[in-house]
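Numbering starts at 1 and runs along the sequence shown.
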Amino acid sequence: MKILMVGWYSELGRDLMEDPEVSVTVLEEPSLLSDVPSTVPRVEARYQQDADYQEVVSRLWEATPFDVIVAGREYGAPAAQWLCDKYGLPSAGSLATQASTDKSSLRRVLEESVLPTVRSEIVRSAADVKRFWDGNPVVLKPANRHASIGVVQISRLEEIDHAWRVATSAEEGSGSIDRDLDWIYIIEDWVPGKEYSVESVFSDGEAFHNITEKTVVGGGRFTPVRHIVPAPLSTTESQELIEAQVILAKAVGIKRGLMHAEWKKDGSQCWPIEFAVRYPGDSISLLIRKATGVNLARVWVDGLQGKLHLPVKESTGSAGIAFIQHPTGRYVKIDGMPSLDSPGVIEVSWTADPGQLLLPLDDSKARVGSIAVQANDYAGVAALLTEYEASVTISVENP
């Protein structure tokens, strides 16, 4: 099977290429091409808010027709959808892709659905935000970015000017490309409730679902700091989220494809926050594999081709990941980090170099370390994560 991935994503590449019958070629931005391993076939073209990729893939297609085209990066979803439409390949669909990559479009779709939604407007200045303000907490966010970049909660009128500067000056980090992109901003009412994500693959009436518990850093920012699979919900609570996910998929026209949706649950009310039609990040696919035995990438590809064989979930327990909440300052050293030989540990990561400035966890790109574990149940995973987090000591110097 030949697959074209628009935008390299290592977790998706790992899971796809586990099958020796799968060949993956990556379409990547010229300034990000070095992120793609040299062992993976790759072609460079601008695809982020640019049509350069269209002619490049047209030439490539003459020699290498693909069976499946998927987005690796969030910003690759529109290009992947255009290519699927051009070459007649199955996909989540144009409406789903538009709604997943432009939150203002999603709000318009939700207004026509039976799902609950919030007041929301496109804003172009702090003055627009002030006109929207009604005295209750709101969230200012880019409508077309990813990874919690530039997402800020506003609880008081006097916070608006600062929040606008933060949202509009947020940088992309390691995923930055060599040109400026156009960002759209929206303001919307803040929604209370516990956060979850639901990962689903739909295929002509059949579906695979997973529910992940999500914990964010708080303090008016929404950076994830912990995920656990499966979420500790009752059968009724799980069913409420899954039913809401199915309604959302129908509203945006998904018949085949992957939906990774963020939800807030307040009692029995399920509030859709946003969704993506690309692979989930934060090692969620690894957690699903360890907790259920399911290779989500394989299920996604099979579902796109209408060959979804619903996996029988194995009773393999639970898995979770904690992102290390570091102090701010110039990094000196880290002590107490577990290893892959430590009980229950399945993945560890620490990317900071001595002298690197550790920033507040205002968005996902500020995270520099994580610990993933598995255990027999939710309580075991939560206990291991708490134990390992407590064992880590990070030394910094003031910048």
Side-chain angles (χ1 to χ4, degrees), residues 74 103-104 106 118-120 123 126 129-130 132-133 136-176 183-197 212-228 260-266 271-276 280-284 320-329 331 349 351-352 356-371 385 389 392 394 396 399:
E74 178 86 5
K103 297 175 185 66
S104 62
L106 171 61
V118 295
R119 288 190 314 137
S120 178
V123 287
V129 177
K130 291 173 183 176
F132 183 89
W133 173 263
N136 296 308
V138 294
V139 178
L140 174 64
K141 63 177 72 172
N144 55 344
R145 298 187 79 173
H146 70 157
S148 65
I149 294 173
V151 183
V152 188
Q153 182 177 327
I154 301 169
S155 299
R156 302 193 309 274
L157 180 64
E158 55 267 30
E159 296 173 351
I160 290 177
D161 288 327
H162 175 70
W164 181 258
R165 290 192 296 271
V166 169
T168 57
S169 63
E171 298 180 354
E172 196 68 26
S174 61
S176 297
W183 305 123
I184 301 167
Y185 297 90
I186 61 172
I187 188 73
E188 59 187 35
D189 290 331
W190 174 79
V191 176
K194 174 65 180 171
E195 297 205 32
Y196 300 93
S197 68
T212 302
E213 182 189 55
K214 176 182 177 182
T215 303
V216 299
V217 68
R221 305 310 288 262
F222 299 90
T223 308
V225 292
R226 184 179 284 199
H227 301 288
I228 299 182
H260 166 59
E262 308 286 346
W263 295 86
K264 276 195 171 181
K265 197 170 192 310
D266 186 18
W271 293 85
I273 305 301
E274 60 185 65
F275 76 97
D282 285 0
S283 294
I284 287 176
I321 186 168
F323 294 90
I324 296 171
Q325 299 185 56
H326 56 253
T328 57
Y331 169 61
S349 173
T351 61
Q356 179 177 332
L357 182 60
L358 302 185
L359 300 171
L361 293 178
D362 291 342
D363 52 49
S364 297
K365 65 178 170 31
R367 303 176 308 190
V368 294
S370 62
I371 304 165
L385 291 177
E389 286 180 295
V392 173
I394 301 167
V396 298

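- With hydrogens and angles disregarded, no donor-acceptor distance shorter than 3.5 Å links the side chain of Asp189 to the backbone of Val118.
- One finds the CD1 atom of Ile186 at 4.0 Å from the OG atom of Ser120 (value rounded to the nearest 0.5 Å).
- Nearest heavy-atom pair across Gly150 and Ala167 is O-CB, 3.4 Å.
- Remark: the backbone N or O of Leu359 is paired with a side-chain donor or acceptor of His326 at under 3.5 angstrom.
- One finds the CH2 atom of Trp164 at 9.5 Å from the CD1 atom of Ile154 (value rounded to the nearest 0.5 Å).
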Determine, stepwise, if the pair Asp282 / Phe323 fulfils side chain to side chain contact (heavy atoms under 4.5 Å, CB included).
-> CA-CA 9 Å; Asp282 285 0; Phe323 294 90; 3.7 Å; yes
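- Residues Ala366 and Pro360 share a closest heavy-atom pair of CB-O, 3.2 Å.
- Scanning all heavy atoms of the two residues, the minimum distance from Ile324 to Leu361 falls at O-CD1, 4.2 Å.
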Dump the intermediate steps for side chain to side chain contact (heavy atoms under 4.5 Å, CB included) on Phe222 and Val139, then the final yes or no.
-> CA-CA 10 Å; Phe222 299 90; Val139 178; 3.9 Å; yes
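- Atom-to-atom distance recorded for Ser155:OG and Ile160:CD1 is 10.5 Å, nearest 0.5 angstrom.
- Distance check, rounded to the nearest 0.5 Å: NZ of Lys214 to NE2 of His227 gives 6.5 Å.
- Electrostatic pairing of Lys365 and Glu171 does not count as a salt bridge here, judged by no charged N lying under 4.0 Å from a carboxylate O.
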Passes side chain to side chain contact (heavy atoms under 4.5 Å, CB included), Lys141 versus Glu274? Steps please.
-> CA-CA 11 Å; Lys141 63 177 72 172; Glu274 60 185 65; 4.2 Å; yes
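- The two atoms that bring Val152 and Ala163 nearest to each other are CG1-CB, 4.0 Å, heavy atoms only.
- Between Arg226 and Glu389, at least one side-chain N (NZ, or NE/NH1/NH2) sits under 4.0 Å from a carboxylate O, which counts as a salt bridge.
- A salt bridge is absent between Arg145 and Glu74; no separation between the charged side-chain nitrogens and carboxylate oxygens falls under 4.0 Å.
- Atom OG1 of Thr328 and atom CG of Leu358 lie 8.0 Å apart (nearest 0.5 Å).
- No donor-acceptor pair under 3.5 Å is formed between the side chain of Arg221 and the backbone N or O of Ser148.
- Checked by atom type, the side-chain pair His146/Glu172 shows a donor-acceptor distance below 3.5 Å.
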Show your working on side chain to side chain contact (heavy atoms under 4.5 Å, CB included) between Val368 and Gln356 and close with a plain yes or no.
-> CA-CA 10 Å; Val368 294; Gln356 179 177 332; 3.8 Å; yes
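- Across every non-hydrogen atom of Glu213 and Tyr196, the tightest pair is CA-CD2, 3.8 Å.
- Looking only at side-chain heavy atoms (C-beta outward), Tyr331 and Ile394 come within less than 4.5 Å of each other.
- Under the 3.5 Å distance criterion, the side-chain polar atoms of Ser364 are left unmatched by any main-chain donor or acceptor of Thr223.
- Put simply, CD1 on Ile284 and OG on Ser197 are 4.0 Å apart, with the number rounded to the nearest 0.5 Å.
- For the pair Val217 and Val225, the tightest heavy-atom approach, listed with the atom from each and the gap, is CB-CG1, 3.9 Å.
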